[in-house]
Amino acid sequence: MNLFETVQEMGHEQVLFCHGQDPEIKAIIAIHDTSLGPAMGATRLWPYVNEEAALRDALRLSRGMTYKAACANIPVGGGKAVIIANPENKTPELFRAYGRFIETINGRFITGQDVNLTPQDVREISKETSYVVGVEERSGGPAPVTAKGVFLGIKAAVKFRLQSTHLEGLQVAVQGLGNVGSNVCHLLHESGAKLFVTDISKEKTAEIKRQFGATVVEPEEIFSLEVDVIAPCALGAILNSATIPLIQAPVIAGAANNQLENEKLHGQMLVDKGILYAPDYVINAGGLINVYNEMIGYDEEKVFQQVDNIYDTLLEIFDRSSKQSLTTNEAAKQLAEDRIMRARKVKTLALV
C-alpha cells in the first residue's frame, strides 16, 4: 500500500498510529472529514492478519462514518479506530492506555463501542478521556436503536422495490445474530415476516429459532435462498464476485458495515441483477444517532424521530438512483457530499 497516496485518494484529514508498551497496544485512528463537526466513530478490536489490513479497515470505516453522519443529518464528521489485538487478550489497562491516546487528540475524535468492545470496556476508556460515548447505554445501548433503523430501512426498500407497505408474509434472510441482528429478527417477527437465519454460533441460531420460529441455514447457504430480502448483519465485504451471482432476493438491506467488497464493481453488479441495495451507512445510522444524542443530552423521543427519518432518506436515495441511473451507493454519496459541501461553504463564509 502506498500510504500517503491511499489516504489522499480517500480524502482523509488525519491518520494517527498509536503504539505503546506496558501494556502493549497498537491502534490506528482515522479521521476522515470534520466539515460537519468533530469526527465520531466507534473503536473496533480485531486480530487483523497484518497492519495493512487494519489500516484499510480504519480508512474505509471512517469514510463511511462521514457519509453516515451526513445522510442522518447529524452535525459530526467521520472517524474510526481499530485496535490490533486478540479479544482474549484485552485488559482494562489496555483500554485505559487507549483512552490516553484519545485524550491527546483534544476532541477532534470521539469514540465508542464497536466489535469486541463491551460497555465495561467503554467505561474503562472513559476513565482517561471525556471524548467517548456509550458510557450510559441509554435506550439499552446503540444496538436496539440501530436495529430499529435497519427495520425501517427494510420497510423502505420493500416499498420501493416490491411496492408493498407491510412485511407480513415476506421471507427475510438474516446473516449474523449479534446484538443488532437479533434485535432485527425480533422486529421482523413482530411484523409477521418469515425468518431464515444463519450465524457461526449454533447457540445464537438455536435461540432465534426458539424465540421466533426461524428456519436455520448454514452460512454458505444464506445468499442463494429464494427469499424477498437478505439482511447482512455480520462483518463487511460479503457482497462480492463470489456471493452476488448466487443471490435470488430482490432486496438487500442490513446492518453490516462496508457490505460491498468493491463499491463500484459490486454496486453495479447488483444493479445489473435488478437487486435493490440499501447503502449500509444510511440504514445502520441508528447507533450513531443514539450515541450522538447521549453526548448532547438524551431525549428518547427526539432520538426515535431522527431514526424514523432513515425511512424517508432511503426512499429519497432510491428515487435519486432510479432517476439519475446511479447505483444506490453512488446516490447516497451524492446526497452526503451535497450536505458536506454546503457545510464547508458556510464555514468559509463565516471566516470572510
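Reckoned from all heavy atoms, side chains included, excluding hydrogens, waters and symmetry mates. Note that this is a predicted model, so its numbers are computed, not measured.
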Item to check | Side chain Asp33, main chain Gly78, donor-acceptor under 3.5 Å | outcome: no
Next on the checklist: Are Ile247 and Ile275 packed together at the side-chain level, in the sense that at least one heavy-atom pair is separated by less than 4.5 angstrom?
Outcome noted: yes
Next on the checklist: Assess the residue pair Glu103 and Glu128 against the criterion (side-chain contact (heavy atoms from CB on, under 4.5 Å)); give the C-alpha distance rounded to whole Å, side-chain angles, the decisive distance to 0.1 Å, and a yes or no.
Outcome noted: CA-CA 7 Å; Glu103 183 67 17; Glu128 300 291 343; 5.8 Å; no
Next on the checklist: Atom NZ of residue position Lys264 - does it have more than 12 heavy atoms of other residues, nucleotides or ligands inside 6.0 Å?
Outcome noted: no
Checklist entry - Under the side-chain hydrogen bond (donor to acceptor under 3.5 Å, both in side chains) criterion, do Asn257 and Asn284 qualify, and how do the steps go? => result CA-CA 8 Å; Asn257 284 310; Asn284 68 14; 2.9 Å; yes
Checklist entry - Going from CD1 on Ile310 to CD1 on Ile283, what distance comes out if it is rounded to the nearest 0.5 angstrom? => result 8.0 Å
Next on the checklist: Could you go through Gln305 and Asn309, starting from their C-alpha distance and side-chain angles, then the distance that decides it, and tell me whether this counts as side-chain hydrogen bond (donor to acceptor under 3.5 Å, both in side chains)?
Outcome noted: CA-CA 7 Å; Gln305 285 175 350; Asn309 290 336; over 6 Å; no
Checklist entry - Glu13 side chain to Thr34 main-chain N or O, any donor-acceptor pair under 3.5 Å? => result yes
Checklist entry - Which pair of non-hydrogen atoms, one from Ala231 and one from Ile154, has the smallest distance, and what is that distance? => result CB-CD1, 4.4 Å
Item to check | Within-4.5 Å side-chain heavy-atom neighbours: Phe95 and Thr43 | outcome: no
Checklist entry - Are a donor atom and an acceptor atom from the side chains of Glu203 and Ser201 found within less than 3.5 Å of each other? => result yes
Next on the checklist: Could you walk me through whether Ser191 and His166 satisfy the side-chain hydrogen bond (donor to acceptor under 3.5 Å, both in side chains) test, starting with their C-alpha distance in whole Å, then the side-chain angles of each, then the deciding distance to 0.1 Å, before giving a yes or no?
Outcome noted: CA-CA 8 Å; Ser191 72; His166 62 83; over 6 Å; no
Checklist entry - Where the side chain of His12 meets the backbone of Leu59, is there a donor-acceptor pair that is under 3.5 Å apart? => result yes
Checklist entry - Is the shortest heavy-atom distance from the side chain of Ile29 to the side chain of Ile102 under 4.5 Å? => result yes
Item to check | Rounded distance [0.5 Å steps], CD in Glu330 versus OG in Ser321 | outcome: 8.0 Å
Next on the checklist: Is it the case that over 12 heavy atoms from other parts of the model lie below 6.0 angstrom from the CD1 atom of Ile296?
Outcome noted: yes
Next on the checklist: Would you say Asp319 and Ser322 are linked by a side-chain donor-acceptor pair, where the criterion is simply a distance under 3.5 Å?
Outcome noted: no
Next on the checklist: Less than 4.5 Å apart, side chain to side chain, heavy atoms only: is that true for Gln113 and Pro119?
Outcome noted: yes
Next on the checklist: Same cluster or not: Val229 versus Phe196, using hydrophobic residues (I, L, V, M, F, W, Y) connected whenever any side-chain heavy atoms lie under 4.5 Å apart?
Outcome noted: no
Next on the checklist: side-chain hydrogen bond (donor to acceptor under 3.5 Å, both in side chains) for Asn293 and Gln306? Distances and angles first, verdict last.
Outcome noted: CA-CA 10 Å; Asn293 279 276; Gln306 291 175 336; 2.8 Å; yes
Next on the checklist: Can a side-chain donor-acceptor contact be found between Glu294 and Asn290 if the only test is distance below 3.5 angstrom?
Outcome noted: no
Checklist entry - Between Val172 and Val227, does a side-chain contact (heavy atoms from CB on, under 4.5 Å) hold up when you go through it step by step? => result CA-CA 6 Å; Val172 183; Val227 294; over 6 Å; no
Item to check | Euclidean distance, Ser35 OG relative to Arg339 CZ, rounded to 0.5 Å | outcome: 14.5 Å
Item to check | Polar side chain donor-acceptor pair, Tyr67 to Glu337, under 3.5 angstrom | outcome: yes
Next on the checklist: Rounded to the nearest 0.5 Å, what separates atom CD1 in Ile28 from atom CD1 in Ile83?
Outcome noted: 11.0 Å
Checklist entry - Just by modelled atom types, is the His32 backbone N or O under 3.5 Å from a matching donor or acceptor in the Thr66 side chain? => result no
Next on the checklist: Given 3.5 Å as the limit, does a donor-acceptor pair link the side chain of Thr146 with the main chain of Gly286, or not?
Outcome noted: no
Next on the checklist: Just checking Asn50: does its CG atom have more than 12 heavy atoms from other residues, nucleotides or ligands closer to it than 6.0 angstrom?
Outcome noted: yes
Checklist entry - Does atom CD of Glu301 have more than 12 heavy-atom neighbours, drawn from other residues, nucleotides or ligands, at distances under 6.0 Å? => result no
Item to check | Whether Gln259 side chain and Ala256 backbone form a donor-acceptor pair below 3.5 Å | outcome: yes
Checklist entry - Should Gln175 and Phe223 be marked as a side-chain contact (heavy atoms from CB on, under 4.5 Å) after you check the CA-CA gap, both sets of side-chain angles, and the distance that decides it? => result CA-CA 9 Å; Gln175 180 206 38; Phe223 291 105; 3.9 Å; yes
Next on the checklist: Consider salt bridge (Lys or Arg N to Asp or Glu O under 4.0 Å). Of Arg320, Lys333, Arg344, Lys345, which one does Asp338 pass it with?
Outcome noted: Arg320
Checklist entry - Side chains of Ser182 and Ile208: closer than 4.5 Å at any heavy-atom pair? => result yes
Checklist entry - So how far is it from Asn179 CG to Cys233 SG, rounded to the nearest 0.5 Å? => result 11.5 Å
Next on the checklist: Could you tell me if the side chain of Val158 sits less than 4.5 Å from the side chain of Leu170, heavy atoms only?
Outcome noted: yes
Item to check | Residues, nucleotides or ligands: over 12 heavy atoms within 6.0 Å of Glu220 CD | outcome: yes
Checklist entry - Does a side-chain N-to-carboxylate-O contact under 4.0 Å join Glu218 and Lys202? => result yes
Next on the checklist: Apply side-chain contact (heavy atoms from CB on, under 4.5 Å) to residues Tyr281 and Asn329 and explain how you reach the verdict.
Outcome noted: CA-CA 9 Å; Tyr281 52 81; Asn329 215 49; 3.9 Å; yes
Next on the checklist: Can you tell me if Glu88 has over 12 outside heavy atoms packed within less than 6.0 Å of its CD?
Outcome noted: no
Checklist entry - Would you call Glu261 and Arg60 a salt bridge, using N to O less than 4.0 angstrom? => result no
Next on the checklist: Are more than 12 heavy atoms, taken from residues, nucleotides or ligands other than Glu51, located less than 6.0 Å from that residue's CD atom?
Outcome noted: no
Next on the checklist: Check this for me: does any side-chain nitrogen of one of Asp280 and Lys68 sit under 4.0 Å from a carboxylate oxygen of the other?
Outcome noted: no
Item to check | With Phe318 via ring-ring contact (aromatic ring centres under 6.0 Å, His included) - residues at least two apart | outcome: Phe160
Item to check | 4.5 Å side-chain heavy-atom contact, Val82 and Leu45 | outcome: no
Checklist entry - Are the side chain of Ser62 and the backbone N or O of Gly79 linked by a donor-acceptor pair below 3.5 Å? => result no
Checklist entry - For the side chain of His266 and the backbone of Asn262, is there at least one donor-acceptor N/O pair under 3.5 Å apart? => result yes
Checklist outcome for this item: CG (Asp57) and CG (Asn258) are apart, to the nearest 0.5 Å, by 7.0 Å
Checklist entry - Is there a donor-acceptor pair under 3.5 Å between the side chain of Thr198 and the backbone N or O of Ile222? => result no
Checklist entry - In the single-linkage hydrophobic clustering (I, L, V, M, F, W, Y; side-chain heavy atoms under 4.5 Å), do Leu239 and Ile317 co-cluster? => result no
Checklist entry - Under a single-linkage definition using a 4.5 Å side-chain heavy-atom cutoff for Ile, Leu, Val, Met, Phe, Trp and Tyr, are Met295 and Phe304 assigned to the same hydrophobic cluster? => result yes
Checklist entry - Do His186 and Glu190 touch side chain to side chain, with heavy atoms closer than 4.5 Å? => result yes
Checklist entry - Pick one: which of Arg210, Lys204, Lys209 meets salt bridge (Lys or Arg N to Asp or Glu O under 4.0 Å) with Glu207? => result Arg210
Item to check | NZ (Lys90) with more than 12 external heavy atoms under 6.0 Å | outcome: yes
Checklist outcome for this item: Looking only at heavy atoms, the pair that brings Leu117 and Gly112 closest together is CD2-O, 4.1 Å
